[in-house]
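Have a look at the structure below before the remarks.
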There are 2 protein chains.
Amino acid sequence: MAKQGAGELPKYQRIAAELRAAIESGQYGPGDQLPGENQLKETHQVALMTARQALDVLKNEGIAESRKGKGVFVRAFRPVRRRGVQRLSQEVWGSGRSVWADDAADRDLVVDGIEVGEAPATEPVARVLGLEPGAAVCTRHRRFVLDGKPVLLSVSHLPAELVAGSPVTQEDTGPGGTYARLAELGHKPVRFREEVRSRMPSAAETRQLELSAGTPVMRICRTAFDGDGRAVELNEMTLDAAAYVLEYDIEA
Amino acid sequence: MAKQGAGELPKYQRIAAELRAAIESGQYGPGDQLPGENQLKETHQVALMTARQALDVLKNEGIAESRKGKGVFVRAFRPVRRRGVQRLSQEVWGSGRSVWADDAADRDLVVDGIEVGEAPATEPVARVLGLEPGAAVCTRHRRFVLDGKPVLLSVSHLPAELVAGSPVTQEDTGPGGTYARLAELGHKPVRFREEVRSRMPSAAETRQLELSAGTPVMRICRTAFDGDGRAVELNEMTLDAAAYVLEYDIEA
DNA sequence: TAGTGGTCTAGACCACGTT
DNA sequence: ACGTGGTCTAGACCACTAT
């Protein structure tokens with residue numbers, strides 16, 4: 001036996017749609033447990049695999065989440081607001097405050113996995129920074145963990161000749177961070193360009209950000225320019241899309 | 001029989017990882033056909049469902065795409081660059097050009113599904129526009145189709161008392177669009193705020209944007225403010241994330 | 001121990017597209 | 001007619017969680 005009745009949706013999509021509607025109507029709230037495979041199998045009189053397929057739909061839509069041995073639950077969201085303009089104003093990093101402090105507010109933000117190194121520029125990085133391919137580049141890897149959950153991976157690239165010997169090549173860049181140091185080196189960032197993309201995560205990103213199925217990532221590539229219009233930093237960030245809302249203020 | 005060998009990845013993940021690596025190494029380029037279910041079943045000596053599961057992984061990652069009766073293929077991307085700042089400068093809409101023309105460049109952009117109406121404000125819309133809940137709001141629905149593929153859904157909300165009787169309530173808003181008309185009505189937009197989110201699409205969005213599995217959407221909520229700081233428009237946009245890269249320029 | 005989700009099998013029929 | 005992916009079944013064993 002197989003197939004759905006003519007002109008109708010497949011069974012698993014019908015079951016998924018029914019659950020989706022129940023969630024959207026508020027019948028199941030954030031964090032609530034949904035009917036499991038076995039229950040769906042009986043209430044809808046389908047095979048286990050079909051019930052599983054229905055739940056897979058909701059998981060891949062990011063509205064449900066399964067925990068092994070426990071059940072399937074409605075996902076809850078509580079995104080952080082990331083202000084793209086204010087965070088880069090000179091008042092923030094010029095005052096010695098971290099560029100990241102603004103995001104956290106009342107929440108617990110930890111930075112781990114810091115790795116600083118020097119490596120030859122890859123082709124795309126060299127192009128953005130205006131270097132010859134293979135030129136030495138200082139790279140700074142970091143991971144941001146919010147309330148125990150990793151939310152952002154960051155890799156910063158800077159021309160090595162620009163920052164050699166400065167605190168930028170240390171784990172702790174000092175008050176005001178990289179941008180304050182660049183300013184001291186005569187390359188104060190005055191203009192930034194952010195490119196935002198979104199896609200499904202790679203396997204590595206899923207692991208590092210502990211993402212569940214159905215969660216996209218946002219990719220922000222930020223270039224910092226000094227007063228001469230030279231690109232002095234390229235920062236590639238990978239964000240858990242469920243954890244962030246990006247805000248940009250624009251003057252006409 | 002069941003289970004994978006101790007300490008190893010499940011079979012379907014191993015197969016998926018192998019294909020993923022082959023794609024990333026360039027062995028399969030954009031548009032190339034991948035080995036199908038039956039081929040994977042034989043080369044890896046697994047059940048059909050297991051081979052399917054492996055392909056599902058790649059599809060949900062957005063790097064492969066299946067076409068019924070044909071096969072599974074590596075997805076190709078060609079995103080449009082959407083300049084968030086330049087597009088909102090007065091020079092663009094003040095000159096009578098469409099705010100959208102800049103995106104398209106050499107490509108074929110069509111707007112369809114235009115629907116203009118008036119309805120009571122929902123709670124979130126009323127809050128953003130500073131209206132009482134239930135106050136009349138003019139809504140403008142549009143869909144943008146690029147090279148035959150729908151890429152953006154837009155719903156614009158404006159206080160009805162502000163635009164009543166103006167071309168804003170018509171399908172064709174005239175040269176310079178809604179913002180030029182708002183300016184003529186004494187509510188020239190001088191400041192904008194865009195909020196960017198990303199998530200997996202709803203079933204309705206998947207249908208309207210003709211999205212394939214593994215494609216997230218980006219959600220842009222833009223509020224336009226006039227010189228008095230009053231919110232005069234809320235534009236909710238839903239973008240095919242595979243079709244767009246958002247660019248924002250920021251002055252320190 | 002019982003219940004949950006996770007993986008896996010070996011079949012089946014259907015719809016679609018090509019030959 | 002044949003190959004492709006799409007849906008579906010009726011079992012099975014495993015791993016994790018709770019009681």
Point to revise | Spacing between A:Glu65 atom CD and C:dG6 atom P, to the nearest angstrom | key: 11 Å
Practice item. Look at all strands and tell whether A:Gln13 reaches a base, only sugar-phosphate, or nothing, counting heavy atoms closer than 4.0 Å. Key: sugar-phosphate
Check your understanding: According to a strict under-4.0 Å criterion, is B:Lys41 in side-chain N/O contact with OP1 or OP2 of C:dA10?
Key -> no
Check your understanding: In whole angstroms, how far is the C1' atom of D:dT7 from the CZ atom of A:Arg14?
Key -> 15 Å
Check your understanding: What is the distance, rounded to the nearest whole Å, between atom CD of A:Gln39 and atom C1' of C:dT4?
Key -> 12 Å
Exercise for review: For the residue pair B:Arg140 and B:Thr173, confirm or rule out a side-chain donor-acceptor distance under 3.5 Å.
Suggested key: no
Study note, to complete from the structure: Rounded to whole Å, CZ of B:Phe73 lies from P of C:dG17 at a distance of 12 Å
Review point. Salt bridge check: are B:Glu236 and B:Arg219 linked by an N-O gap of less than 4.0 Å?
Key: yes
Study note, to complete from the structure: In numerical order, the residues of residues 44-62 of chain B whose heavy atoms come under 4.0 Å of DNA chain D are B:Met49, B:Arg52, B:Lys59
Check your understanding: Counting only side-chain N and O atoms of A:Asn38, is one of them less than 4.0 Å from OP1 or OP2 of C:dG3?
Key -> no
Point to revise | Over 12 foreign heavy atoms within 6.0 Å of CD, B:Glu42 | key: no
**Study point:** From SG (B:Cys138) to CD (B:Glu233), nearest 0.5 Å
**Key:** 9.5 Å
Practice item. For D:dC8, take OP1 and OP2 only and decide whether either is under 4.0 Å from a side-chain N or O of A:Tyr12. Key: no
Which side-chain N or O atoms in residues 26-37 of chain B pair as donor and acceptor under 3.5 Å with protein atoms at least two apart or in another chain?
unit_1, atom_1, unit_2, atom_2, d
B:Asp32, OD2, B:Gly29, N, 2.8
B:Gln33, NE2, B:Lys70, O, 3.2
B:Glu37, OE2, B:Arg52, NH1, 2.0

Exercise for review: On DNA chain D, check which nucleotide each of A:Lys68 and B:Arg67 is closest to and give me the residue with the more 5' one.
Suggested key: B:Arg67
**Study point:** Within residues 202-210 of chain B: residues closer than 4.0 Å to DNA chain D (heavy atoms)
**Key:** none
Practice item. Before accepting this row, confirm whether a basic side-chain N of the pair B:Arg143/B:Asp112 lies closer than 4.0 Å to the acidic partner's carboxylate O. Key: yes
Exercise for review: Round to the nearest Å and state the distance from B:Lys11 atom NZ to D:dC14 atom C1'.
Suggested key: 14 Å
Review point. NZ of A:Lys70 versus C1' of C:dG5: gap in Å, rounded?
Key: 13 Å
Exercise for review: Answer yes or no: does a side-chain N or O of A:Ser66 lie under 4.0 Å from OP1 or OP2 of C:dG6?
Suggested key: yes
